[in-house]
Amino acid sequence: MAHITAPSVQCQVRVVPTSSFTARPMTAKLWNSLLLNQRKKGTSRSSARFRVLALQSESSTVNRLKDLLNLDITPYTDKIIAEYIWIGGSGIDLRSKSRTISKPVKHPSELPKWNYDGSSTGQAPGEDSEVILYPQAIFKDPFRGGNNILVICDSYTPAGEPIPTNKRHGAAEIFSSQKVINEVPWYGIEQEYTLLQTNVKWPLGWPVGGYPGPQGPYYCGAGADKSFGRDISDAHYKACLYAGINISGTNGEVMPGQWEYQVGPSVGIEAGDHIWCSRYILERITEQAGVVLSLDPKPIEGDWNGAGCHTNYSTKSMREDGGFEVIKKAILNLSLRHEVHISAYGEGNERRLTGKHETASIDTFSWGVANRGCSIRVGRDTEKNGKGYLEDRRPASNMDPYVVTSLLAETTILWEPTLEAEALAAQKLSLKV
């Protein structure tokens, strides 16, 4: 990820009035190359008259659906549609449902709490299944447009206790600590993902049951034989910008059919809200495109890169003069809590962190300057300038951003090792702190 120089001034809990946007909502035209072209092929060439009529009827139905999906209700009512989004029982699946709100809102505190059946998401027993949704962050809805919104929520029992899969609550407590607030933690998260063909669950662009040529030409590549899924990546990029997500870039990855986008710099809890909303938008786009989204950290075994979620991190002290010494102290702390972080950095990460394919071994902590084979990488500019940021390369693509961002803040700002442990770790890592 490119060096992060300044945080976004945008706050995730505000919605800019529609009139200030020149962007349009995501119309059905945007999906033509993904969804509709295949339906249109062959209509005029069909030799069977009933086939022609069938396709014409289907096309007419699609057009009528497009008209309704793109219907602008703003001139006719003040009411809006709010899509409440939450994390399901696996800790990685996203759920959502819609409700009508009487008028446009600008802050989540203006929205009502809601509930859902937790027994159907693996988050509550059937005899006591009600789970309460607390609205926490608002984004513009790129699918419905207008004043309609996406609402990131977290989940609680009716008594107001956070349920076990609610990781946002604990993260918010860490980020509300005065020591953490004073350090203004910035995050830049590199979300990698893999696009799979429907039914066969094999990477997009790969021959079914077979393999493409070896890795090399695909990273940031262009061409029909190198880039698979660019329309999805571009549609997602624009949808995130429209929504107000602080997306900062995107690129094709080393393994064909794999992509990455970057979100940040974001401050504190905002980083997790933006990543989760961006994942939801990506799920919706792949749904419409008829492609399966995978966040598996090692979707294909063998000599193929895995998928990570590298997390770039800095504090105010790291960004100021003399910050490199603060970075080295943070690295020392991270080394002493390596097992704690690994256990929280995503399921299946042991298949990815093998010491190969630009990863460090899951069993050993390491750091280095410009070394992508380390647990923690420090950039050349940071070393040269004596201040900057570090990159934690350990998180898997399916990590929970609330957990990873808050754990980094806890370990480097709030947690203090014993002097003896610190000295031993410094010696082992050849760090002079």
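The figures here come from the full heavy-atom set of this structure, side chains too, leaving out hydrogens, waters and symmetry mates.
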Side chains of [X] and [Y]: do they bring a donor and an acceptor to under 3.5 Å?
{"X": "T74", "Y": "D72", "answer": "yes"}
{"X": "E83", "Y": "N148", "answer": "no"}
{"X": "S375", "Y": "H338", "answer": "no"}
{"X": "D392", "Y": "Y345", "answer": "yes"}
{"X": "S109", "Y": "H107", "answer": "yes"}
{"X": "S98", "Y": "R144", "answer": "yes"}
{"X": "Q123", "Y": "Y116", "answer": "yes"}
{"X": "T411", "Y": "R337", "answer": "yes"}

Kindly say whether the aromatic ring centers of W206 and W304 come within a distance under 6.0 Å.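 Yes, the ring centres sit under 6.0 Å apart.
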Verify whether the ring centers belonging to Y211 and W202 lie closer than 6.0 Å.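 Yes, ring centres under 6.0 Å apart.
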Polar side-chain atom of [X] near backbone of [Y] as donor-acceptor pair, under 3.5 Å:
{"X": "Y218", "Y": "G213", "result": "yes"}
{"X": "K356", "Y": "L353", "result": "no"}
{"X": "Q258", "Y": "Y193", "result": "no"}

How many angstroms lie between atom [atom1] of [X] and atom [atom2] of [Y], to the nearest 0.5 angstrom?
{"X": "I285", "Y": "K238", "atom1": "CD1", "atom2": "NZ", "answer": "11.5 Å"}
{"X": "L390", "Y": "W367", "atom1": "CG", "atom2": "CH2", "answer": "10.5 Å"}
{"X": "I92", "Y": "M399", "atom1": "CD1", "atom2": "CE", "answer": "9.0 Å"}
{"X": "H341", "Y": "R394", "atom1": "NE2", "atom2": "CZ", "answer": "6.0 Å"}

Is any side-chain heavy atom of [X] less than 4.5 Å from a side-chain heavy atom of [Y]?
{"X": "L111", "Y": "I138", "result": "yes"}
{"X": "R393", "Y": "T359", "result": "no"}
{"X": "I281", "Y": "I245", "result": "yes"}
{"X": "W114", "Y": "I132", "result": "no"}
{"X": "I232", "Y": "W259", "result": "no"}
{"X": "M318", "Y": "T382", "result": "no"}
{"X": "I87", "Y": "T165", "result": "no"}

Over all heavy atoms of both residues, which pair between [X] and [Y] is shortest? Give the atoms and the distance, please.
{"X": "S366", "Y": "C374", "result": "OG-CA, 3.4 Å"}
{"X": "L336", "Y": "W415", "result": "CB-CH2, 3.8 Å"}
{"X": "R380", "Y": "A370", "result": "NE-CB, 3.6 Å"}
{"X": "P395", "Y": "R352", "result": "O-NH1, 3.3 Å"}
{"X": "G373", "Y": "N371", "result": "N-OD1, 2.8 Å"}
{"X": "P185", "Y": "F175", "result": "CG-CE2, 4.0 Å"}

Charged tip of K113 within 45° of Y134 ring normal and under 6.0 Å: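 K113 over Y134 ring: yes.
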Does NZ or CZ of K328 fall inside the cone over F324's six-membered ring, less than 6.0 Å from its centre and within 45° of the axis?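 Yes, K328 lies over the aromatic ring of F324.
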Charged N to carboxylate O under 4.0 angstrom, [X] versus [Y]?
{"X": "K298", "Y": "E350", "value": "no"}
{"X": "E110", "Y": "K106", "value": "no"}
{"X": "E416", "Y": "K329", "value": "yes"}

Parallel, tilted or perpendicular, as decided by the 30° and 60° cut-offs, for the rings of W276 and Y402: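 It falls in the tilted class, 30° to 60°.
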So H274 and F139, would you call those rings parallel, tilted or perpendicular, with 30° and 60° as cut-offs?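 Aromatic pair H274/F139 classed perpendicular.
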What residues form a side chain to side chain donor-acceptor pair (under 3.5 Å) with Q215, not counting sequence neighbours?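 Result, side chain to side chain donor-acceptor pair (under 3.5 Å) vs Q215: N305.
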